[in-house]
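Hydrogens, waters and symmetry mates are skipped; everything else that's a heavy atom, side chains included, is used. So you know, we letter chains A, B, ... as the sequences are listed, proteins then strands, and number each from 1.
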Amino acid sequence: MTLEERVLNVIEENLEEKAEFNVNTDLRDELGLDSFAMVIIVNALEDEFNISIEDQHYREIKNAKDIVNALREYCPDLKEA
Amino acid sequence: MKREDIFSSLSIDKSLANKYDFNPYYCCIESGLNDPILIDGKEFIDLASNNYLGLAADKRVIQAISVAAGKFGASMCGTPIATGSMILLQKLQKRLARFVGFEESIIFPSGYQANCAVFMSLAKQEDLIIIDHYAHASLIQGVRLVGCKVKPFLHNNMKHLRKLLEKAAEYKRVFVVTESVFSTEGSIAPFDEIVKLCEEFNAIPVIDDSHGIGVIGKTGRGILEEKNIKDFNGIYTASLGKALANAGGMISAKSELIEYLKYSCPGLIYSTALPPPVLAGMEAVLNIVKEEFSILSERMWRYKKLISGCLIDSGFILTEGQAPITSISVRNVEECALMAKLIHANNILVTPFIPPSVPPNESKIRMIAGANLSEKTIDKALNIFKKVARELELK
């Protein structure tokens, strides 16, 4: 599974309701996630990748692509299929 | 930053209210919660207040308040640790505790304050607080003030809660926080399952029963009665300004914990106690609940079913809920404003919820029909909803 797919899976599994989205979907403005919904996803990402996401980075996240890019930058050891 | 700039930066965006020439918030009600209520000299049907059992303007409650005002005056002008600790307060604390199934309780000036204060006194930075995604703002504010790790769980999702509890071993203490009845939609937490999970993982359950006390349970005693939970080893909070039709908030728990809070909770110790007339009013409400809950409850539920049925038949989309709350689900704030304005123009007072009170794209119009409303009033409301549906061309 690619990094992109793993991130999309984490988001999908941690939404209140099923929704159509892709890597470019704005999580807050288009998917309608509130601050707690974002925290749920950030916590799930921390568990999935065994990392700690700082508040500053969390606030910069707009979409799944931002998460994937941040993972590649800060966690270069992550293996991608 | 200049002082003028600081103040000018603190403005509210009222573009939506201006666009629809309608602001449903802070309207001026000129009567008590009667049937009808008065707004701007006009008669309105009250489907907005949390007066579930319809006891806010009950003559017996008013009489008890009057007698207490005559005997004790307007206020004891002191906090519960000082002169606020008067006989009516002490008796009511005991009675409320027994009512919901505890040994002891303490009464705060508001439910919001009780929820904010409890976590500051009990939780520390090394703890973990797991909280329902849709928990009330007062609970969220309370847990954030602690400064510890906060993990929201998906709304009423036990699988997700279990997953978070399984990864909580590193924390000193773990609290699981939720509401009994989620007031914007009327869903009820599977609190029996939450209590079991807390036992399994040695976590402390905290339940806010503000919309459950006096509403659910066979005799109106709230969530613990509703879910048949015995010997609850957790923390219970509730507002006393909803079905119990007065003001204030309560916290109940085992005696030792309440004793600890009585001397350690700044939100309690440094706030003026509720005034004697309010305490007497609540006693009167509890007397009525004891004798008449089944009649009042039956009427409350019947009105809920009539309103929900009529709205569905008329083409409105409702959120599914198990409490006596009817919530119209609307697509966005614009639709919410338009629909609320139309209902308001037909002299029904409802509560529109828009973000941040609800998640984005989940605006709602909430209605609670109190047991004080007459059958005739409900009939009138149903006809108005049919008319509004036609105007909105819902079908």
With a 4.5 angstrom heavy-atom cut-off, could you sort out which part of B/H133 is near chain A: side chain, backbone, both or neither?
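Contact with chain A is through both the backbone and side chain of B/H133.
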Can you tell me which portion of B/F153 sits under 4.5 Å from chain A's heavy atoms? Options are side chain, backbone, both or neither.
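Backbone only.
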If you draw a 6.0 Å radius around NZ in A/K62, do more than 12 non-hydrogen atoms from other residues or ligands fall strictly inside?
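Count not over threshold, so no.
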Give a yes or no on whether B/E166 atom CD has more than 12 heavy-atom contacts from other residues, nucleotides or ligands under 6.0 Å away.
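For B/E166, atom CD is crowded (more than 12 foreign heavy atoms under 6.0 Å).
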Using a 4.5 Å cut-off on heavy atoms from C-beta on, say whether the side chain of [Y] contacts that of [X].
{"X": "B/L318", "Y": "B/I328", "answer": "yes"}
{"X": "A/N9", "Y": "A/M1", "answer": "yes"}
{"X": "B/K124", "Y": "B/D127", "answer": "yes"}
{"X": "B/N50", "Y": "B/R366", "answer": "yes"}
{"X": "B/I223", "Y": "B/E179", "answer": "no"}

Non-hydrogen contacts under 4.5 angstrom with chain B: give the residues of residues 17-26 of chain A involved, or none if there are none.
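So no residue qualifies.
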For A/E46, is it the side chain, the backbone, both, or neither that has a heavy atom closer than 4.5 Å to a heavy atom of chain B?
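Contact with chain B: side chain only.
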Please look at A/A37 and chain B and tell me whether the side chain, the backbone, both or neither of the residue comes under 4.5 angstrom of a heavy atom of that chain.
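Answer is both: backbone and side chain atoms of A/A37 are under 4.5 Å from chain B.
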Give me the one residue out of A/E12, A/E48, A/E13 that meets salt bridge (Lys or Arg N to Asp or Glu O under 4.0 Å) with A/R6.
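Going through A/E12, A/E48, A/E13 one by one, the salt bridge (Lys or Arg N to Asp or Glu O under 4.0 Å) with A/R6 is satisfied by A/E48 alone.
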Please list, in residue-number order, every residue in residues 142-151 of chain B that has a heavy atom less than 4.5 Å from any heavy atom of chain A; write 'none' if there are none.
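Listed by number: B/R144, B/K149, B/V150, B/K151.
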